[in-house]
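Note sheet for the following structure.
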Amino acid sequence: MKSAAYHLKLHNPCNQSWDSMTENGSGKFCSACAKTVVDFTGLADADILHLIQTSSGKLCGRLTQTQLNQTLEETQSHRSSLPFNTVLAGAFLISTTSSALSDQQQSLPPTNVLGSHTENSVQNQAIRNKPETVSDSTKNTIRGTVFDASDHLALPGIYVQLKGTEVKAMTNATGLFSLTIPASYTPDKITLIFAQIGYQRLELTLKAEDLPLTKEVYLNQEQSFLGEVVLIPVKKKKWWQKKH
């Protein structure tokens, strides 16, 4: 099956402030250029490709650094069959749902920063322990709430995974998660991975002897960039160019 690969690039990067723009369907309205800037940060690769490939004109968008660095793979079976307007409607639903959840959440006071726990040495990650009553059913359980480090609002839809395993959970509408460590998992230290598009990946290492625990975890937003979004085809090496 034929496949294609692309890199995303921002042509004529924009220095307008995303936060100052007005919510407008699938993104925000930029008064400087009088057009909608599509928020690509929460879309799947297939939908990003489909939006760009079916756009009738130039498409301004918002992308994260991770999206600009990764390769988007497209195969015939993975190509989105949804029309352009349907994908935009889906993006609008993601945007409005996220906004509604945020409106229901209350700001919390900042906690003391204990240091960075990410692969990229991300600073200002605040984590705080809380005591928990021990019982046979909860002795291997880690519970907690994940917050945005900038505004201290609880974050729904954050993936939480026990590193090196398939044990995972996701935060609910109020940012809560609960993860039970299997009895067969015996290392002295436990590493949890917190990840979601739009936020910097966090790896948090805990001592197994401290279980059970309740944690408050703060994630930093990933830097985003604005501009005209274009696809750059990745040239695949010929068989004689590949190293053996």
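Keep in mind that what you see is a predicted model, and the values were worked out from it rather than measured. We're numbering straight along the sequence, starting at 1.
- We find the CG-CZ distance between Asp47 and Phe40 to be 10.5 Å, quoted to the nearest 0.5 Å.
- Asp148 and Ser150 are linked by a side-chain donor-acceptor pair at a separation below 3.5 angstrom, with hydrogens and angles left out of the test.
- Side-chain atoms of Thr66 and Arg201, non-hydrogen and from C-beta on, never get closer than 4.5 Å to each other.
- Atom CZ of Arg143 sits about 15.0 Å away from atom CD of Glu216, to the nearest 0.5 Å.
- Residues Leu231 and Val229 are members of one and the same hydrophobic cluster, defined by side-chain heavy-atom contacts under 4.5 angstrom among Ile, Leu, Val, Met, Phe, Trp and Tyr.
- Rounded to the nearest 0.5 angstrom, Asn24 CG and Thr36 OG1 are separated by 3.5 Å.
- With rounding to the nearest 0.5 angstrom, the NZ atom of Lys215 is 8.0 Å from the CG atom of Asp210.
- Annotation: side chain to side chain donor-acceptor pair (under 3.5 Å) contacts of Glu228 (sequence neighbours excluded): none.
- Closest non-hydrogen pair, Gln70 versus Asp45, comes out as NE2-OD1, 3.4 Å.
- The side chain to side chain donor-acceptor pair (under 3.5 Å) search around Asp188 returns none, not counting sequence neighbours.
- Apart from Tyr159 itself, the hydrophobic cluster it occupies contains Met170, where clustering links Ile, Leu, Val, Met, Phe, Trp and Tyr at side-chain heavy-atom distances under 4.5 Å.
- Taking Pro233 as the reference, Tyr6 meet the side-chain contact (heavy atoms from CB on, under 4.5 Å) condition, with sequence neighbours excluded.
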Less than 3.5 Å apart, which donor and acceptor atoms pair up between the side chains of residues 189-197 and the rest of the protein, not counting sequence neighbours?
| from | atom 1 | to | atom 2 | distance (Å) |
| --- | --- | --- | --- | --- |
| Thr191 | OG1 | Thr205 | OG1 | 3.2 |
| Gln196 | NE2 | Gly157 | O | 2.4 |

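- Thr171 places a side-chain heavy atom less than 4.5 Å from the side chain of Phe177.
- The two residues Thr145 and Ala154 come nearest to each other via the heavy atoms CG2-CB, 4.4 Å.
- Both Leu204 and Leu162 belong to a common hydrophobic cluster when Ile, Leu, Val, Met, Phe, Trp and Tyr are linked at side-chain heavy-atom distances under 4.5 angstrom.
- No chain of hydrophobic side-chain contacts below 4.5 Å, direct or via other Ile, Leu, Val, Met, Phe, Trp or Tyr residues, connects Val37 to Phe225.
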Derivation of the side chain to side chain contact (heavy atoms under 4.5 Å, CB included) call for Asn140 and Tyr185: CA-CA 10 Å; Asn140 290 328; Tyr185 190 83; over 6 Å; no
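- Between atom CD of residue Gln221 and atom CG of residue Leu155 there is a gap of 8.0 Å, rounded to the nearest 0.5 Å.
- Clustering ILVMFWY residues whenever any of their side-chain heavy atoms sit less than 4.5 angstrom apart, transitively, puts Leu226 in a cluster other than the one holding Leu8.
- In terms of heavy-atom proximity, Ala173 sits nearest to Pro156 at CA-CB, 3.9 Å.
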Show me, pair by pair, the donor-acceptor contacts under 3.5 angstrom made by side chains of residues 9-21, not counting sequence neighbours?
| from | atom 1 | to | atom 2 | distance (Å) |
| --- | --- | --- | --- | --- |
| Ser17 | OG | Ser20 | N | 3.4 |
| Ser20 | OG | Ser17 | O | 2.8 |

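- Put simply, Val217 and Leu206 are part of the same group of oily side chains (I, L, V, M, F, W, Y) that touch within less than 4.5 Å, one to the next.
- Pairs engaging residues 56-71 under the salt bridge (Lys or Arg N to Asp or Glu O under 4.0 Å) rule: Asp39-Arg62 [sequence neighbours left out].
- Under the rule for a side-chain contact (heavy atoms from CB on, under 4.5 Å), the partners of Thr71 that lie at least two apart in sequence or sit in another chain are Ala5, His7, Glu73, Val234.
- With sequence neighbours excluded, no residue satisfies side chain to side chain donor-acceptor pair (under 3.5 Å) with Thr165.
- Here Leu176 sits alone; no ILVMFWY side chain lies under 4.5 Å from its own, so it joins no hydrophobic cluster.
- Cluster note: Phe29 groups with no other residue, as no ILVMFWY side-chain heavy atom lies under 4.5 Å from it.
- Taken to the nearest 0.5 Å, the CD1 atom of Ile52 stands 6.5 Å off from the CG atom of Leu59.
- Judged as a salt bridge (charged side-chain N to carboxylate O under 4.0 Å, His left out), and not counting sequence neighbours, the contacts of Lys168 are Glu166.
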